[in-house]
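Numbered from 1 within each chain, the chains take letters A, B, ... in sequence-line order.
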Amino acid sequence: MSIFALVDCNNFYVSCERVFNPKLAGKPVVVLSNNDGCVVSRSNEAKEIGIGMGAPVFEISRIIEKHDVQIYSSNYALYGDMSQRVMNTLGRFTPKIEIYSIDEAFLDLSSFGYHNLTDYGQKIRATVKQWTGIPVAVGIAESKTLAKVAGRFAKKSDKTNGVLDLTASPYQEHALARTKVGDIWGIGRRYARLLKKYGIHNALQLRNTDDTFIREKMGVVGVRILHELRGTSCLELQHTLPAKKGITSSRSFKKNVETLQELRQAVAAYVSTGAEKLRREGSAAGALTVFINTNRFKDNYYSNSETLFLPVATSDTSELIHYAHRGLKKIYREGLGYKKAGVMFTNLVPEKHVQPSLFDDRNRKRSAKLMQTLDAVNEKTGTGTLRYAGAGLGDNLRWHTAFNKRSPAYTTQWEQLPAVS
DNA sequence: TCTGGGGTCCTAGGACCC
DNA sequence: TCTGGGGTCCTAGGACCC
């Protein structure tokens, strides 16, 4: 029998901010999305006063003022670093670990069945808290989907003290009955609405539904969920993370952008970060898509994209910028206020397997060396130290993203660490 | 005039996740 | 006035092949 544990960091981004700023304890705190647009992480206190996930900041300004809510721009350098610390800690408990997202991991505890799993979960929880300062909840069950259910209750219910083991538990049906279909992993808004239409409101009802009916309405994905809810594991642990299939880099602008010149700068900057990711993965892109759009909440919404297939797969920044600019020119319309742009690299191949072209006249060895040097310098001195002039000079351009309430880079730039007394 | 049956590959779009 | 970013998987349908 399989046993999975889901370890889920509580209010992860907010918890990261709190580790380095203890004054935030007990206060309502939120972290905002890029451009300080909407709420992406909330402390329990913030949830209690009615701040919803994804709420646009301008809509909750009254609540913010009234309750003196502490606001932070997102600081991904900090969160990424804290995530690594948490995952390293979990790795001490078992090598069979799947890092599912920045703040979640599945552990395979199948061979731990003879332990008291609740005690073991408490040990994991206490260790992560002690070593990283991050509070986590642990859900344990026979399948990943059930572990997710257990994790929700571990987080929500005080009685669990942060750990809930539902393996062979008399509470399993009870927990399923109290889980709305929309809260099941893999069931989003659309399917939740559809299921409700047929009188299926909670996970217990879904579990007891006929396979063929679900197969017809939700395809194989639905049937898999059904079996997982019954305790038959269908979703294996992804121990080694599969190679990425695409890499996207995009941002919205703090102000509307109208000129092609500015869009070219933004696109060059996104290509730079995307290409850096490519090289870190050891991949080269066989195709590139560039896209732009105006404000999607306004009339006359314009959105367009252009995909270019590259003669030779590459991860060379200047080459990719060249193609991206060519694509951009095709979709750019004058007289519009653009809000966002981005690039997507697809048809990825391992760098070593790049098929050279007969008509290729670039010196690829030389450009690879240049990219290596560029990455090495930026690694050492901070992202963006060396960058392409095409991405624009200056550090407050219209298309830049706003981060007005960013916390210091506590963990990644030691100069800014608070003094130790 | 009749108008098969199978297979593969690709793409667009839908649905979902954090 | 102000509304994030980056992914995955599945399916249906068309193109093409023998």
Between P of dG5(C) and CZ of Phe291(A), the distance in whole Å: 9 Å
Mate of dT8(C) where both pairing distances stay under 3.5 Å, Watson-Crick or G-U: dA15(B)
Phe345(A) CZ - dG5(C) C1' separation (whole Å): 15 Å
Touch class at under 4.0 angstrom, heavy-atom based, for Arg224(A) against every strand present: sugar-phosphate
Nearest to side-chain heavy atoms of Tyr191(A), which nucleotide of dT11(C), dG6(C), dC16(B): dC16(B)
Under-4.0 Å side-chain N/O to phosphate OP1/OP2 contact, Lys340(A) with dG5(C): yes
Touch class at under 4.0 angstrom, heavy-atom based, for Ile102(A) against every strand present: nothing
Touch class at under 4.0 angstrom, heavy-atom based, for Ile60(A) against every strand present: nothing
Residue Phe58(A), side-chain atoms from C-beta onward, closest of dG7(C), dT3(C), dT11(C): dT3(C)
Separation of atom OH in Tyr79(A) from atom P in dC18(B), rounded to whole Å: 19 Å
Touch class at under 4.0 angstrom, heavy-atom based, for Asn35(A) against every strand present: nothing
Whole-Å distance separating the CE atom of Met218(A) from the C1' atom of dA12(C): 18 Å
Candidates dG7(C), dT3(C), dC18(B) - which lies nearest the side chain of Asn295(A): dT3(C)
OP1 or OP2 of dG6(C) under 4.0 Å from side-chain N/O of Arg251(A): yes
side-chain N/O Lys244(A) vs dG6(C) OP1/OP2, d < 4.0 Å: no
Sugar-phosphate only, base, or nothing, as touched by Thr401(A) at under 4.0 Å among non-hydrogen atoms: nothing
CG on Asn295(A) to OG on Ser252(A), rounded to 0.5 Å: 9.5 Å
Over-ring placement of Arg406(A) relative to Phe403(A), 6.0 Å and 45° cut-offs: yes
CA sep, side-chain torsions, deciding dist, call: Arg207(A), Glu173(A), salt bridge (Lys or Arg N to Asp or Glu O under 4.0 Å): CA-CA 10 Å; Arg207(A) 190 194 76 175; Glu173(A) 293 214 340; 2.8 Å; yes
Sugar-phosphate, base or nothing in reach of Val57(A), heavy atoms under 4.0 Å: nothing
Arg189(A) side chain near dG14(B) phosphate (N/O to OP1/OP2, under 4.0 Å): no
Lys277(A) or Phe297(A), whichever maps to the more 5' nucleotide of DNA chain C: Phe297(A)
Rounded distance in Å - CD1 (Ile184(A)) to P (dC16(B)): 12 Å
Comparing Lys245(A) and Ser33(A) on DNA chain C - which has the more 5′ nearest nucleotide: Ser33(A)
Under-4.0 Å side-chain N/O to phosphate OP1/OP2 contact, Lys255(A) with dT1(C): no
N or O in side chain of Lys217(A) less than 4.0 angstrom from dT11(C) OP1/OP2: no
Asn44(A) vs Asn11(A), side-chain hydrogen bond (donor to acceptor under 3.5 Å, both in side chains): CA-CA, chis, key distance, verdict: CA-CA 8 Å; Asn44(A) 290 344; Asn11(A) 317 330; 3.2 Å; yes
Sugar-phosphate only, base, or nothing, as touched by Glu104(A) at under 4.0 Å among non-hydrogen atoms: sugar-phosphate
N/O (side chain, Lys298(A)) to phosphate O (OP1/OP2, dC2(C)) under 4.0 Å: yes
Nucleotide dC10(B), atom P - distance to CG of Asn347(A) in whole Å: 10 Å
For atom CZ of Arg296(A) and atom C1' of dC2(C), their distance in whole Å: 13 Å
Pair Ser303(A)-Asn293(A), side-chain donor/acceptor within less than 3.5 Å: no
Sugar-phosphate, base or nothing in reach of Leu32(A), heavy atoms under 4.0 Å: nothing
Shortest side-chain distance from Tyr76(A), nucleotide among dT3(C), dG6(C), dG4(C): dG4(C)
Sugar-phosphate only, base, or nothing, as touched by Asp103(A) at under 4.0 Å among non-hydrogen atoms: sugar-phosphate
Under-4.0 Å side-chain N/O to phosphate OP1/OP2 contact, Ser250(A) with dG5(C): no
Options dC18(B), dG4(C), dG6(C), nucleotide nearest the side-chain atoms of Ser252(A): dG4(C)
Heavy atoms from other residues, nucleotides or ligands near CZ of Arg178(A) exceed 12 (cutoff 6.0 Å): no
Sugar-phosphate, base or nothing in reach of Lys148(A), heavy atoms under 4.0 Å: sugar-phosphate
Whole-Å gap separating P (dC17(B)) and CZ (Arg190(A)): 13 Å
Sugar-phosphate only, base, or nothing, as touched by Gly246(A) at under 4.0 Å among non-hydrogen atoms: sugar-phosphate
For the student: nearest non-hydrogen atoms of Ile225(A) and Trp185(A), plus distance: CD1-O, 4.0 Å
